[in-house]
There are 2 protein chains.
Amino acid sequence: MRLPTPWRELESGVCSIARTAELIGQPWMLLVLRDLFNGVRRFDDLAEHLSIARNVLSRRLAALVEAGVVQRTDYREPGQRARQEYRLTPAGWDLRPVLLAMMAYGDRHLTDPDGPPTLVDHAGCGGAVRVALECEYGHRIEPDTRLTGTPGPGARWRSTSSTATG
Amino acid sequence: MRLPTPWRELESGVCSIARTAELIGQPWMLLVLRDLFNGVRRFDDLAEHLSIARNVLSRRLAALVEAGVVQRTDYREPGQRARQEYRLTPAGWDLRPVLLAMMAYGDRHLTDPDGPPTLVDHAGCGGAVRVALECEYGHRIEPDTRLTGTPGPGARWRSTSSTATG
DNA sequence: CAGTATCCCAAGCGATACTG
DNA sequence: CAGTATCGCTTGGGATACTG
């Protein structure tokens with residue numbers, strides 16, 4: 001089915017996916033975030049673990065700080081000299097579902113036959129963590145469940161009959 | 001806290017996030033996927049709507065096909081000549097949570113004051129769709145809930161005390 | 001309409017060297 | 001240890017032109 005031109009009205013710039021992609025779609029960004037979620041906090045540790053050029057890492061961290069995803073802080077361990085660390089902000093933690101959804105996809109479709117390299121569990125009870133879609137009325141959304149996209153308050157586009165995502 | 005060197009054992013190559021990032025982290029990829037989810041299926045429509053160079057789009061679609069995310073099919077509308085279309089495979093639909101999680105982040109943190117540009121609803125009941133984290137025993141995972149990462153069957157790294165993601 | 005081929009050019013990665 | 005500055009050099013995007 002040929003989509004009507006209204007789609008043209010949906011500028012990439014006012015799309016939440018596009019805006020998020022602008023941030024996390026940069027090279028290295030997702031891996032930097034992965035390491036931050038995993039508790040790596042120091043510049044040199046990130047640089048070494050990722051084997052990323054230091055100037056690139058510097059730019060990426062700056063972008064994360066500017067986006068409010070990461071906070072740079074000075075701290076001092078007792079008896080040691082001052083150091084700096086990069087720590088996710090609450091906004092940063094809101095990216096966790098993105099990473100976990102990516103991990104779920106990779107585990108399912110891109111993994112060696114022996115199985116997933118990493119298991120993530122709920123620290124409280126040890127249960128495996130899943131990413132689930134649901135609607136506000138509590139219905140589970142299965143992979144093939146139909147979704148509809150409609151213009152929201154900040155929209156610059158008109159409605160179409162198309163589905164799935166926006 | 002200084003992470004111990006075991007982290008070095010976690011090659012990026014055997015990380016599900018890294019592998020998924022290799023696919024969807026390429027420039028344009030996320031926007032191509034967004035349009036595919038939204039029902040855009042024809043080469044020229046994608047090229048025009050995204051304002052992407054045609055050769056780049058060609059490469060991206062090829063990568064998606066090779067990854068098994070998209071299937072290229074010939075079809076013919078009655079009375080029309082044959083056309084081709086790109087359609088998400090079931091594996092492709094498994095990327096929907098990634099896109100929706102990105103959208104949720106963008107809606108919350110990167111949106112203009114007037115609100116989100118697009119609303120996604122459960123087609124059955126009209127309820128707004130949310131991305132939720134939960135553990136296998138049904139506990140909700142809030143943004144700040146602690147998670148633990150441990151080596152899985154396909155791991156090439158040793159355990160650490162670190163948390164959150166793998 | 002649906003691509004592929006070719007070219008040019010800039011962005012930006014990586015390496016290295018340098019400062020607090 | 002934690003970065004910034006400089007500098008090639010390559011990758012790869014964009015425009016254009018060309019085929020089924």
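Protein chains get the first letters and strands the later ones, always in sequence-line order, with residue 1 at the start of each.
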### Task
Figure out the CG/P separation between B:Asp74 and C:dA2, and round it to whole Å.
11 Å
#### Entry: Range-with-range stems of DNA chain C (Watson-Crick or G-U pairs under 3.5 Å, three or more in a row)
C:1-20 with D:1-20
### Message
For A:Thr111 versus B:Ser16, what's the shortest heavy-atom pair and its separation?
### Response
OG1-OG, 3.8 Å
### Check ion pair B:Arg54-B:Asp44 (N to O, under 4.0 angstrom)
yes
### Message
Salt bridge or not between A:Asp112 and B:Arg156? Use side-chain N to carboxylate O under 4.0 Å.
### Response
yes
### Query
For the side chain of B:Trp93 and the backbone of B:Val69, is there at least one donor-acceptor N/O pair under 3.5 Å apart?
no
### Query
A:Leu61 has an atom CG; how far is it from atom P of D:dA2, in whole Å?
12 Å
#### Entry: Validation row: A:Leu61, A:Arg72 side chains within 4.5 angstrom (heavy atoms)
no
### Query
What distance do B:Glu22 atom CD and A:Leu31 atom CG have between them, rounded to the nearest 0.5 Å?
9.0 Å
### Task
To the nearest Å, give me how far apart CZ (B:Arg83) and C1' (C:dG3) are.
14 Å
### Message
I need the CZ-P distance between A:Arg41 and D:dC1, as an integer number of Å.
### Response
18 Å
### Message
Please report the distance, rounded to the nearest Å, between CZ in B:Arg87 and P in C:dA2.
### Response
14 Å
### Summary
From CG of A:Asp44 across to P of D:dC1 the rounded distance in Å is 6 Å
### Query
Does OP1 or OP2 of C:dC1 have a side-chain N or O of B:Tyr86 closer than 4.0 Å?
no
### Salt-bridge criterion met for A:Glu134 and B:Arg140 (N-O under 4.0 Å)
yes
### Message
From CG of B:Leu57 over to P of D:dG14, roughly how many Å is that when rounded to an integer?
### Response
11 Å
### Summary
Nucleotide by nucleotide, nucleotides 5-20 of chain C touches protein heavy atoms under 4.0 Å in the pattern (B base, S sugar-phosphate only, - none) BB-----SBBB-----
### Query
So, A:Arg42 and A:Glu85, do they make that salt bridge, N to O below 4.0 Å?
no
### Query
Is the shortest side-chain N to carboxylate O distance from B:Asp94 to A:Arg108 below 4.0 Å?
yes
### Query
Could you give the CZ-to-C1' distance, from A:Arg76 to D:dA2, as a whole number of Å?
15 Å
